[in-house]
2 protein chains.
Amino acid sequence: MTFTQNKIASILRHSGYKITPQRRAVLNIISQSHDHLTPAAIYEKVHQQHPRIGLVTVYRTLDILAELGLICEVHSGGSCRSYLMRRPAEHHHHLICSDCGAVIDFTDCDLSNLEQRLAREAHFEIKGHLLEFTGLCRDCRKRMKQKKAAR
Amino acid sequence: MTFTQNKIASILRHSGYKITPQRRAVLNIISQSHDHLTPAAIYEKVHQQHPRIGLVTVYRTLDILAELGLICEVHSGGSCRSYLMRRPAEHHHHLICSDCGAVIDFTDCDLSNLEQRLAREAHFEIKGHLLEFTGLCRDCRKRMKQKKAAR
DNA sequence: TAGTTAATTGAAAATAATTTTCATTTAGCA
DNA sequence: TGCTAAATGAAAATTATTTTCAATTAACTA
């Protein structure tokens with residue numbers, strides 16, 4: 001479950017941004033996909049529905065949405081930058097299949113112990129973290145097994 | 001401490017790659033820096049010492065070194081892609097200062113519990129993970145405090 | 001509800017990042 | 001030393017991202 005349209009609109013408005021059809025469209029595409037999408041992929045999908053929208057607008061919208069924490073940037077999956085809808089549960093991370101790119105969220109990472117230790121040892125004030133696991137998802141594992149068996 | 005030159009040469013050779021002066025130069029630059037360097041920054045430094053080396057070669061070398069695990073890719077620090085020497089301790093991660101870009105390594109992340117849980121719950125075969133903390137390093141914290149005090 | 005204005009948009013151009021191609025050179029083995 | 005596959009550099013091609021600017025529009029105000 002993602003933020004409701006209303007909630008998102010309210011967050012945008014509160015931060016001084018306007019609610020435009022273009023921004024709605026980008027949000028819709030991202031929230032409808034369970035995958036992470038590159039800016040180009042988002043543009044392509046949005047463009048099908050609203051041919052007049054430009055790639056620049058997609059980039060600008062992604063920047064804003066990411067800044068507000070409504071979507072999140074993913075890095076591991078091959079391409080350098082792609083986006084996912086942010087689930088409302090505060091803190092969460094991703095499991096990314098290195099084969100098919102599927103993304104699974106998980107919530108409780110419990111890095112607080114580690115964080116505290118690092119803060120103490122390195123004299124760092126820790127603000128955030130990026131945690132992504134990569135591996136093979138259930139389907140790809142199955143597929144690989146079948147391939148192996150077929151040989 | 002990083003891998004010795006010999007160790008690195010041996011790893012390269014074993015993987016069927018030749019030891020060229022260009023590759024040495026790239027490795028030297030990365031191992032001499034305690035910071036993460038973008039491909040462009042690496043090129044610039046290498047180029048000062050060996051003006052005949054091309055940016056393309058730097059890219060190609062980075063790909064190989066990263067593939068072999070001799071250097072690692074960092075993502076958080078503003079620019080999308082930058083590289084650091086891989087320290088020999090098997091498993092390690094980074095603390096990245098979001099202000100000055102300083103990178104501090106740490107080793108024991110102990111994510112194995114989490115990994116096992118995720119593997120079980122999501123039916124994933126976990127191969128690796130990307131863990132980076134971002135925050136303010138000791139120096140930047142100090143600097144900020146001074147700034148605040150000055151106001 | 002119309003008028004106003006600052007924010008937003010799209011198109012084009014500019015810039016930056018990365019990859020490909022291909023002729024030439026070279027590391028490392030026989 | 002000679003051979004060969006791998007590596008290199010230069011240029012061009014491709015891809016990704018940002019900037020600029022005139023035209024449009026969301027949302028507030030009267």
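In the text below, chain A, chain B and the rest are named by the order of the sequence lines, each starting its count at 1. Computed over heavy atoms, backbone and side chain alike; hydrogens, waters and symmetry mates excluded.
Open room surrounds CD on Glu44(B); 12 or fewer heavy atoms of other groups in view lie less than 6.0 Å from it. When the shell of 6.0 Å around CD of Glu121(A) is examined, it contains more than 12 heavy atoms from other residues, nucleotides or ligands.
The backbone N or O of Asn28(B) lies less than 3.5 Å from a partner atom in the side chain of Ser31(B), making a donor-acceptor pair. At least one donor-acceptor pair closer than 3.5 Å links the side chain of Thr61(B) to the backbone N or O of Thr57(B). With hydrogens and angles ignored, the 3.5 Å screen pairs no side-chain donor or acceptor of Arg24(A) with any backbone N or O of Ile19(A). A donor-acceptor pair is defined here as one N or O able to donate and one able to accept, closer than 3.5 Å; no such pair exists between the side chain of His50(A) and the backbone of Val46(A).
At a non-hydrogen distance threshold of 4.0 Å, Tyr17(B), Lys18(B), Thr20(B), Gln22(B), Arg23(B) from residues 12-29 of chain B come into contact with DNA chain D.
In this pair, His129(A) and Phe133(B) present their aromatic rings perpendicular. The plane angle is above 60°, beyond the 30 to 60° band.
Spacing between atom CD1 of Ile53(A) and atom P of dT9(C) amounts to 8 Å, rounded to whole angstrom units. To the nearest angstrom, C1' of dT9(C) lies 14 Å from NE2 of His50(A). Computed from coordinates, the Tyr43(A) OH to dA16(D) C1' distance equals 14 Å when rounded to whole Å.
For the pair Leu62(B) and Arg81(B), the minimum side-chain heavy-atom distance is 4.5 Å or more.
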**Prompt:** Once each nucleotide of nucleotides 17-23 of chain C is scored for protein heavy atoms under 4.0 Å, what B/S/- sequence comes out, 5' to 3'?
**Reply:** SBBBB--
